[in-house]
Amino acid sequence: MSHLRFFTNPDVAAALGYPALIEALRVGLAEPCAAPVRGCHELPGGASLLTMPVWQAGQGIGVKLVTVFPGNGARGLPSVAALFTLFDDDTGRPLAMLEASELTARRTACTSALAADHLVREDAERLLVVGNGTLAAHMVRAHCQVRRYGRVDIWGRDAEKSARLAAALAGEGYPAQAGIDLQGLVQQADCISCVTTSRSPLVLGDWLRPGSHLDLVGAFLPSMRETDSAAVARARIVVDTREGALEEAGDLLFAIADGLLDEAAVRTELRDLLQGRGHRRNAEEITLFKSVGYALEDLVAARLLLACAT
């Protein structure tokens, strides 16, 4: 298998720039593919194992294996680890194997930024990232590609960790600072990106101001949620895939169970935005993008990586 290439996380970071990946996703996610709802298996200690297959004509076949260990932060380790294997869809030959933690973080952040490009007000000035784990910095870098934010706030339960992250991002040239009062930060934010594994609401509907955009990324199990049902009820909802969202998106499923959201209201997918439907309607509308992970994002990113590395 001399044709098989292996890419480490540093290789991925060096080759996959945010602007190029956002544009590749803008094209790739507009097209259909076969992507069965991912397998999600709960492991001991609150950990999870995810399996995500995908194939698209002319782009290849991909399979991603992901582990999520929320307690790794206390060990100084990332909570998410992953491998992605890319196969040729004409011959079935394996083309590449990737350490996929960096791939996952970058494609997730760039997908959220792509949705935000259609849903966040053009005059948005303040970005709030709720969470200070591995994904938080990627969210700042990606979202700042689609809007010129004058201020970026970082909030997390560990204030010292938030301060370190904000300082690092400021060193990269982003207008980042750590915040303490989550309610006050939400009330002033134009775009709120949540990247936690919380099982209880952090952002409340009463805090949202008209015209704000909620980007919900962290909760990926039906038992997880980053908002209360009132926040979901106030927003017009866009999802990465409807099938995946109604299977796994705890933020939406809790709201449905509480009677504050009709399942029929979950109808606009990211693909619709990319095909010209479902954009922000007015300056007062509250919008919400909920992603639980779409395997086509990995396939698009892996193909871009392979093209950039050859």
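- Of the possible polar contacts, one joining the N132 side chain to the D158 backbone as a donor-acceptor pair under 3.5 Å is found.
- Put simply, the side chain of R234 gets close to the backbone of L208: a donor and an acceptor are under 3.5 Å apart.
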Test log, rule side chain to side chain contact (heavy atoms under 4.5 Å, CB included), inputs F220 and S291: CA-CA 8 Å; F220 60 90; S291 64; over 6 Å; no
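- For residues 252-275, the pairs satisfying salt bridge (charged side-chain N to carboxylate O under 4.0 Å, His left out) are D272-R277, with sequence neighbours left out.
- There is a path of hydrophobic side-chain contacts, each under 4.5 Å, that joins L169 to L135.
- When the side chains of ILVMFWY residues are joined at heavy-atom separations under 4.5 Å, either directly or via intervening members, V217 and W155 end up in two distinct hydrophobic clusters.
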Derivation of the side chain to side chain contact (heavy atoms under 4.5 Å, CB included) call for V120 and V146: CA-CA 9 Å; V120 173; V146 299; over 6 Å; no
Per-pair distances, 0.1 Å, donor-acceptor, side chain in residues 174-184, under 3.5 Å, sequence neighbours excluded:
from: D181; atom 1: OD1; to: Q183; atom 2: N; distance (Å): 3.4
from: D181; atom 1: OD1; to: G184; atom 2: N; distance (Å): 3.3
from: D181; atom 1: OD2; to: G184; atom 2: N; distance (Å): 3.3

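- The heavy-atom pair separating A230 from L260 by the smallest distance is N-CD1, 4.1 Å.
- For R148, the CZ atom sits in a loose shell: 12 or fewer heavy atoms of surrounding residues, nucleotides or ligands are nearer than 6.0 Å.
- There is no side-chain donor-acceptor pair under 3.5 Å between R236 and T287.
- Remark: T197 OG1 to F69 CZ distance equals 13.0 Å, nearest 0.5 Å.
- When atom types are taken as modelled, the side chain of D228 and the backbone of L204 share no donor-acceptor pair closer than 3.5 angstrom.
- In this structure a side-chain-to-backbone donor-acceptor pair under 3.5 Å is present from K290 to A219.
- M139 and L103 are members of different hydrophobic clusters when ILVMFWY side chains are connected at heavy-atom separations under 4.5 Å.
- When each of Q145, E297, E23, R26 is checked for a side chain to side chain contact (heavy atoms under 4.5 Å, CB included) with L114, only R26 meets the rule.
- From I237, atom CD1 reaches atom CD1 of I286 across 11.5 Å, with rounding to the nearest 0.5 Å.
- Between the side chains of S193 and D215, a donor-acceptor pair is found at a separation under 3.5 Å.
- Atom CZ of R303 and atom CG of L296 lie 12.0 Å apart (nearest 0.5 Å).
- Of all heavy-atom pairs between D89 and Q56, the closest is OD2-O, 3.5 Å.
- Taking a cutoff of 4.0 Å between a charged side-chain nitrogen and a carboxylate oxygen, E122 and R147 qualify as a salt bridge.
- Within the 4.5 Å cutoff, side-chain heavy atoms of L216 are placed close to those of T227.
- Among all heavy-atom pairs drawn from G293 and D240, the shortest one is N-OD2, 2.9 Å.
- Counted within 6.0 Å of CD on E247, heavy atoms from surrounding residues, nucleotides or ligands total 12 or fewer; the atom is thus considered open.
- Interatomic distance, T67 OG1 to L50 CG, rounded to the nearest 0.5 Å: 8.5 Å.
- If you chain together ILVMFWY residues whose side-chain heavy atoms come under 4.5 Å of each other, V63 ends up in a group of its own.
- By the rule that hydrophobic residues join a cluster once side-chain heavy atoms approach within less than 4.5 Å of another member, V238 and L25 end up as members of one cluster.
- The backbone N or O of G211 lies less than 3.5 Å from a partner atom in the side chain of R280, making a donor-acceptor pair.
- Other residues sharing the hydrophobic cluster of W55, ordered by chain and number and joined by side-chain separations under 4.5 Å: I61, F87.
- Nearest approach of V292 to A245, heavy atoms of both residues: CG2-N, 4.1 Å.
- D153 is linked by a side-chain hydrogen bond (donor to acceptor under 3.5 Å, both in side chains) to R126, R151, counting only residues two or more places apart in sequence or in another chain.
- Considering OH of Y294 and CG of L270, their distance stands at 9.0 Å, rounded to 0.5 Å.
- Taking NE2 of H138 as the start and OG1 of T108 as the end, the distance is 9.5 Å to the nearest 0.5 Å.
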T196 vs E226, side chain to side chain donor-acceptor pair (under 3.5 Å): CA-CA, chis, key distance, verdict: CA-CA 7 Å; T196 76; E226 299 179 291; 2.8 Å; yes
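- Relative to the six-membered ring of Y18, R141 misses at least one condition, a distance below 6.0 Å or an angle of at most 45° to the axis.
- The shortest non-hydrogen separation linking H118 to L274 is NE2-CD2, 3.7 Å.
- Annotation: side chain of V266 is in contact with side chain of L246 (closest heavy-atom distance under 4.5 Å).
- The shortest non-hydrogen separation linking S112 to H143 is CB-NE2, 3.7 Å.
- Under the 3.5 Å distance criterion, the side-chain polar atoms of R225 are left unmatched by any main-chain donor or acceptor of S200.
- Judged by distance alone, with hydrogens and angles left aside, the side-chain atoms of H279 form a donor-acceptor pair with the main-chain N or O of L273 at under 3.5 Å.
- By the criterion of side-chain heavy atoms lying less than 4.5 angstrom apart, applied directly or through intervening Ile, Leu, Val, Met, Phe, Trp or Tyr residues, L202 is not grouped with M224; the two fall into different hydrophobic clusters.
- In this structure, the side chains of L29 and T111 come closer than 4.5 Å at one or more pairs of heavy atoms.
- Side chain of E99 to main chain of N9: a donor-acceptor pair is present (N/O by atom type, distance under 3.5 Å, no hydrogens or angles).
- For residues 70-88, every residue pair satisfying the side chain to side chain donor-acceptor pair (under 3.5 Å) rule, not counting sequence neighbours, is listed here: N72-R75, D88-T91.
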